[in-house]
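Right, one structure below, let's go through it.
Every chain is numbered from 1, with letters handed out A, B, ... down the list of sequences.
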Amino acid sequence: MEEKLLKPYNPKETEERIYKLWEDSGFFNPDNLPDERHKSFTIVMPPPNANGDLHAGHTLFITLEDIMIRYKRMAGFKTLWLPGADHAGFETQVVYEKKLEKEGRSRFGMDPNDLYKEILDFTLLNKKNMETQVRSLGASCDWSREKFTLDPDVVEKTQDTFVKMYNDKIIYRGKRAINWCYKHQTSLSEVETESSEELSPLFYLKYGPFSIATVRPETKFGDKYVVMHPDDKRYAEYKHGQKIKLEWINGPIEATIIKDEAIDMEFGTGVMTITPWHSQIDFEIAKRHDLDTEQIIDWRGKLLGIANEFAGMNIKDARAKIVEKLKAKGLLIKIDEKYQNVIKKCYKCGTVIEPQIKDQWFVKMAPLTKLALNSVNRGEIKFIPDNYEKIFRYWMENSIDWNISRQIVWGIPIPAWFKGEEFKVSKEKPNGEGWTKDPDTFDTWFSSGQWPLMTTGFPKHEDFKKYYPTDVMETGHDLIFKWVPRMVIFGLYLAQKAPFHTVYLHGLVNDAQGKKMSKSKGNVINPLTLTDKYGTDALRMALIVGNTPGTDLALQENKVKGYKHFANKIWNITRFVLDNTKDVEPANASALIDECNKTIKDVTEDMENFRFYLASEKLYHYLWHRYADEIIEESKKNEEVKKSLFYILENSLKLLHPFMPFITEEIWSILPARKNLLMVEKWPLAKLGASDQKKNDNK
RNA sequence: GCGCGGUUAGCUCAGUUGGUAGAGCGACUCAUUUACACUGAGAAGGUCGGGGGUUCAAGUCCCUCACCGCGCACCA
């Protein structure tokens with residue numbers, strides 16, 4: 001009897017040592033795996049943001065992916081789990097700016113190179129920290145292949161893709177209304193904004209003979225076009241292009257009548273004026289009719305010269321004053337106080353997004369989303385749970401062109417050069433004088449969208465040939481728009497193959513009451529506190545049992561505690577079995593062994609179908625309430641039963657290993673005559689019992 | 001507004017192709033040093049959100065309503 005078995009199971013004494021054993025074995029790397037393995041199984045790890053500690057969500061995804069990988073490794077596959085770290089462009093810049101703020105500093109006015117250097121140091125430190133934490137969770141990933149999203153080859157290839165897409169006319173530079181965040185001083189893509197419904201006053205203003213409605217009177221200074229639907233009989237007397245004179249906020253102006261079908265005749269009076277610089281729809285109208293456009297609000301949220309006496313005023317403060325003036329001039333008809341409208345905000349700071357017209361780099365989405373849609377139609381990508389296919393399709397059918405340039409330093413530089421109005425796309429500086437580099441960086445999803453390609457070494461590396469397309473993409477359901485479609489698109493566009501055949505989406509990890517964790521609510525559960533208290537295996541089980549894909553999970557500490565007890569139970573089972581079977585001749589067949597084989601079969605089927613929430617629960621129940629409570633108890637009275645005990649223990653450890661790798665490996669190491677690490681033992685074959693065999697023969 | 005998901009025991013949730021309701025935790029009764037008190041045995045607890053339909057049979061399929069959560073939304 002091993003000394004250590006006498007004490008209760010102590011995860012702290014075990015985990016670090018066992019992880020080292022695994023890592024030193026080299027088996028995380030598929031090239032080193034024993035036996036001939038022909039089929040590969042690959043998962044590219046969603047690279048955690050290297051800007052802070054791992055949270056409960058990371059723990060869940062690492063556990064899920066580790067389960068898949070460990071299962072497939074034991075099942076004889078050449079398994080590659082490819083880890084990474086994400087510089088997380090805007091996200092990290094925001095984290096760092098908060099840090100600067102706390103220190104009484106600001107990124108504005110800093111030398112961009114200094115800022116970059118500081119954020120790089122910060123990120124590399126966090127990256128190291130993050131890697132340690134991933135290890136502590138038992139992740140059996142191949143660290144020798146780890147990628148960072150700012151590795152030189154990733155930067156280079158991202159830029160190559162950009163150049164290629166520009167040459168293929170899928171990327172263009174142009175003026176469009178972009179989402180501008182005043183706080184962060186950058187444009188944002190659609191997925192980086194949040195819309196919320198709010199009640200705002202709707203002002204009805206007298207515009208010459210018309211009544212127009214607006215929630216934003218502070219943008220109306222330059223409105224000199226009045227638009228109505230061509231079929232609107234109420235305004236048949238006004239002709240397209242007709243000029244009318246009227247009194248406006250800052251004096252008399254000449255306005256032009258525009259007829260355009262974008263106008264909803266049912267809404268309000270059916271007449272509106274347009275502010276093309278600060279509204280996409282107005283910009284489209286202006287473009288269609290070749291109208292003038294003028295900026296009203298500057299990049300800091302202050303009114304420009306056109307606002308006369310209001311110039312320089314912050315738009316927040318200006319509104320009330322402008323309304324006052326409109327009222328004094330008799331231009332305010334009425335106010336609808338409770339108008340419900342949609343406000344777009346920066347998803348990081350909540351600042352109201354200002355549409356601004358800006359020259360930016362855009363990806364034409366239509367040809368790309370078509371590739372992705374066709375691939376899904378051909379059945380090349382399976383979603384778990386399957387209702388996400390519908391959500392994926394919706395996005396594919398409705399996406400608008402993607403703004404990929406950000407006005408932040410923390411990211412991959414866009415390989416473009418400017419000279420006056422001229423621009424050139426190239427990694428190298430063009431010949432001739434006066435070229436300056438585009439100061440913008442890529443939207444982080446532009447590079448991470450190519451992650452399965454980058455990590456496998458597209459296009460030439462041996463790994464790309466061996467492991468691409470990968471097998472499973474396992475990630476949070478919140479990334480169904482942000483990340484998943486972009487990977488599919490880039491995979492199809494660059495490599496003509498979808499990057500994975502299965503997308504497994506897990507839910508969010510919430511607090512014990514099922515409420516979303518957030519720092520402001522103070523309900524954040526640090527997974528490392530839990531692993532420290534109960535052991536990693538216990539936390540892994542608590543995250544997996546009963547947690548169906550796509551569904552959010554309420555993380556209860558008691559549940560984790562319960563699985564710590566389970567770990568100890570397995571410990572004691574081992575102790576009993578080793579003590580009581582020393583002189584027992586093991587049986588080759590018995591009803592109990594048949595029953596065990598039935599469990600092997602069930603669990604294997606669940607593993608094959610990604611039903612980890614069921615497999616884990618079955619194992620828990622079988623080991624504790626069948627094996628320990630009944631079979632072992634029976635063995636105390638019945639010598640015959642003892643002959644089957646070892647078979648069950650051995651196979652149960654194998655089945656349980658993907659879920660609770662540390663304790664199972666630890667026990668495996670003290671079983672008599674063990675040579676291999678459990679992590680590379682063969683997954684048990686479900687030998688069919690006599691009754692099952694008969695059924696099969698009849699087929 | 002459109003879409004998706006949910007509503008099952010006190011709490012958190014399972015229930016895989018329709019076949020007499022399950023787990024964990026909690027609460028209750030008992031056992032008292034056992035491989036294991038990080039234990040064991042037992043019992044309690046649900047008209048599966050409401051209504052309608054299909055079926056021999058519905059928590060499960062269809063329709064409908066209500067409530068909760070989430071996502072998407074350029075009608076000024």
Could you check whether A:Phe392 gets within reach of a base, just the sugar-phosphate, or nothing at all, counting any heavy atom under 4.0 Å? nothing
Using the C1' atom as the reference point in each nucleotide, state the distance between B:U54 and B:A66 in Å, no decimals. 23 Å
Identify whether any heavy atom of A:Tyr613 sits under 4.0 Å from a base atom; if not, whether one sits that close to sugar-phosphate; answer base, sugar-phosphate or nothing. sugar-phosphate
Side chain of A:Glu190 (C-beta onward), nearest among B:U16, B:A14, B:A73: B:A73
Using a 4.0 Å heavy-atom cut-off across all strands, classify A:Asn387 as base, sugar-phosphate, or nothing. sugar-phosphate
Under 3.5 Å on both distances, the Watson-Crick or G-U partner of B:U16: none
Look through every strand shown and name the nucleotide pairing with B:C2 as Watson-Crick or G-U wobble, where both distances are under 3.5 Å. B:G71
If you look at every strand shown and take non-hydrogen atoms under 4.0 Å, does A:Gln280 touch a base, only sugar-phosphate, or nothing? base
A:Ile281 side chain, from C-beta outward: closest of B:C36, B:C74, B:A73: B:C74
Provide the distance between the two P atoms, one in B:G15 and one in B:A35, to the nearest whole Å. 38 Å
A:Glu633 (side chain) and B:A35 (base): donor-acceptor pair under 3.5 Å: yes
With the side chain of A:Leu614 defined as its heavy atoms from C-beta on, choose the nearest nucleotide among B:A14, B:A76, B:C4. B:A14
Which part of the nucleic acid, if any, lies within contact of A:Ile480, taking any heavy atom under 4.0 Å across all strands shown: a base, the sugar-phosphate backbone alone, or nothing? nothing
Identify whether any heavy atom of A:Thr551 sits under 4.0 Å from a base atom; if not, whether one sits that close to sugar-phosphate; answer base, sugar-phosphate or nothing. sugar-phosphate
B:G42 and B:G24, which share atom name P, separated by this distance in whole Å: 13 Å
Paired to B:G42 by Watson-Crick or G-U wobble criteria (both distances under 3.5 Å) is B:C28
Is there a Watson-Crick or G-U wobble partner for B:U33 with both distances under 3.5 Å, and if so, which one is it? none
Any donor-acceptor pair under 3.5 Å joining the side chain of A:Lys390 to the base of B:C4? no
Please find out if less than 6.0 Å separates the ring center of A:Tyr563 from that of A:Tyr534. no
Rounded P spacing from B:G40 to B:C25 in Å: 10 Å
As its Watson-Crick or G-U partner within any shown strand, both distances under 3.5 Å, B:U7 has B:A66
Is the shortest distance from a Lys or Arg side-chain nitrogen in A:Glu192 or A:Lys344 to a carboxylate oxygen in the other one below 4.0 Å? no
